[in-house]
Protein chains: 2
Amino acid sequence: MDSPSTRSLELLALLQSGRTWTAHDLAARLRVSARTVRRDAMRLRGMGYDVSSRPGPGALYALRPSMKIPPLLLSADEVSTIITSILILEAWLPDDAKAATARTKLEQVLPGGLQRRAAAVALSTQVLREAPASVDWELVGTIADSVATGARLGFDYTDQRGRHSRRRVEPYRHLLRQQYWYLVAYDLDRDDWRLFRLDRMEASTISPGPHAHRAFPWNSIEDWLTSDFGASDEH
Amino acid sequence: MDSPSTRSLELLALLQSGRTWTAHDLAARLRVSARTVRRDAMRLRGMGYDVSSRPGPGALYALRPSMKIPPLLLSADEVSTIITSILILEAWLPDDAKAATARTKLEQVLPGGLQRRAAAVALSTQVLREAPASVDWELVGTIADSVATGARLGFDYTDQRGRHSRRRVEPYRHLLRQQYWYLVAYDLDRDDWRLFRLDRMEASTISPGPHAHRAFPWNSIEDWLTSDFGASDEH
DNA sequence: AAGATGCGGCCAGTATGCGGCCGCAATTGC
DNA sequence: GCAATTGCGGCCGCATACTGGCCGCATCTT
């Protein structure tokens, strides 16, 4: 299953996930010692892959996309993962056909063996619906693009008390919390960080960036929500 | 420069070029014997790469693109949907790298514009973790296959009171409910429908089918759970 | 300042991969 | 249909290359 000669590929796949890892994490995943992970990373660097690392607490192994990476293929387990995750969303959004059609189309382009696996997972899995949450996928795309390009966003907003206003913000993150979708953004008029529920946003327009990305002044969104939630437009 | 442990990557790069090769060519290029090339190709196949080959004069070693998504297959919204659903699973299973690596690999096979959209969605979205739930993807695959083929499943089970037993069942559905994963199956020894928590199953073996699919005698799994949950092995 | 983490040298033990050989199968071209 | 070419994978003995542990040192966070 895992042999030294294929470990370089597995390591590459792990690093490519975008997560950061400690040598110890990688060692556990690959079932080798940390020393060997360091050696493997060194070999990858020797082949031209930009494996970055940094010592100290909160250490980091990551792959900077520098050169072309060989096509890393989906394993059967990963196909199970993808199909399952789409099924979860289908269960959450039973009136939204996007997920189901996407899953079907995806299955069609998988090679034979994986196609059977995907169909089997879809057939054998049932998700009991937990929390209804509908979302406007076009708005999700708009937010995604504006975050990626550093563009600003304008929209009509109706707050929890029913007051209407026009907002101009710098989007920071799109957030799923409990059963609602939110936008975490810097409100340019109110000069503060705010939380907006996506289903209360309307007529959004994107004003082309790029602007510099504003630094989010908390360690994490969780920190912000727990320390400061009273000040935002949503609880 | 060229060591056994990185040769799989080099071979992949050579095959990726689109050329076709004879084993002898590859052997010369990689400075190993043709026998070793065959072994390497075998390992790649074992990892899911579709390395095609054909004997005879004008022979051929090539890498068939296993999954390539045509530009018009998926809409931007559908890509947002898929990526989001994987992100949700990533948030649920923060210690499971499968979802993250799968998402990254998926991004790679998307055509350019959609690839940017996928990256943007992943960058701009954050999911706050609701319920921890870990799952053994290999077991998910086993269940999927057994449901698809009508095979039976045997496994060691530890029930909620800590009692161990060996079970022989006919799997019906794989179920995500609240924060746990379950198997809905017909227990052949107890002659009844039962619910098994996946994390309490061990040493599962599949006994080849196909057997006829047993009819599930309720309208839905929800109905069964609400009407009859006292009789099952899990609440 | 302290703790966490990465780096890479060294070394002994050994697992792993290697090459060569084989009979067999598949494909091409005559 | 036959011969030539090439891939497949089992087997075996050998030695290379990998492994893990240990170390002192550098780097980064708190």
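In what follows, every chain begins at residue 1, and chains take the letters A, B, ... in the order their sequences are listed.
- Put simply, CG on A/Asp25 is 12 Å from C1' on C/dT5, counting in whole angstrom units.
- We find that CE of B/Met42 is positioned 11 Å from C1' of C/dG17, with the value rounded to whole Å.
- The side chain of B/Pro4 lies closest to D/dA17, out of D/dA17, C/dG19, D/dC8.
- Regarding A/Leu30, its CG atom lies at a distance of 15 Å from the C1' atom of D/dC18, rounded to whole Å.
- The listed nucleotides are C/dC7, D/dC18, C/dG19; the one nearest the side chain of B/Ser5 is D/dC18.
- Remark: A/Arg45 is in phosphate contact with C/dC7, judged by side-chain N or O atoms under 4.0 Å from OP1 or OP2.
- Taking only side-chain nitrogens and oxygens, B/Ser53 comes nearer than 4.0 Å to OP1 or OP2 of D/dC8.
- In this entry the distance linking CG of B/Leu44 with P of D/dG9 reads 13 Å, nearest Å.
- Considering only the side chain of B/Arg43, C/dC18 comes nearest among C/dC18, D/dT19, C/dG6.
- Atom CH2 in A/Trp21 sits about 13 Å away from atom P in C/dG6, given to the nearest Å.
- The closest side-chain donor-acceptor pair between B/Arg43 and A/Ser5 falls under 3.5 angstrom.
- Nucleic acid contact class of B/Arg38 (heavy atoms, under 4.0 Å, all strands): base.
- The distance between atom NE2 of A/His24 and atom P of D/dG20, rounded to the nearest whole Å, is 13 Å.
- Regarding A/Leu26, its CG atom lies at a distance of 14 Å from the P atom of D/dG20, rounded to whole Å.
- Checking C/dC7, D/dC8, D/dG20 against every side-chain atom of A/Thr36, the shortest atom distance belongs to D/dG20.
- Place A/Thr22 and B/Val37 on DNA chain C by their nearest nucleotides, and A/Thr22 ends up nearer the 5' end.
- The CG-C1' distance, from A/Asp40 to C/dG8, rounds to 14 Å in whole Å.
- A donor-acceptor contact closer than 3.5 angstrom is absent between the side chains of A/Gln108 and A/Gln115.
- In this model, no side-chain donor or acceptor of B/Arg35 finds a partner on the base of C/dG17 within 3.5 Å.
- A donor-acceptor pair under 3.5 Å links the side-chain atoms of A/Arg45 to the main chain of A/Val51, judged by distance alone.
- Side-chain N/O atoms of B/Arg103 and B/Thr101 include no donor and acceptor closer than 3.5 Å.
- Distances were taken from every side-chain heavy atom of A/Arg54 (C-beta onward) to each of C/dG19, C/dG17, D/dT29; the shortest belongs to D/dT29.
- Residues B/Val51 and A/Pro55 each lie close to DNA chain D; by heavy-atom proximity, the contact nearer the 5' end of the strand is made by B/Val51.
- No hydrogens or angles considered: a donor-acceptor pair under 3.5 Å links the side chains of A/Ser33 and A/Thr36.
- Residue A/Arg39 has no polar side-chain atom (N or O) positioned under 4.0 Å from OP1 or OP2 of D/dG20.
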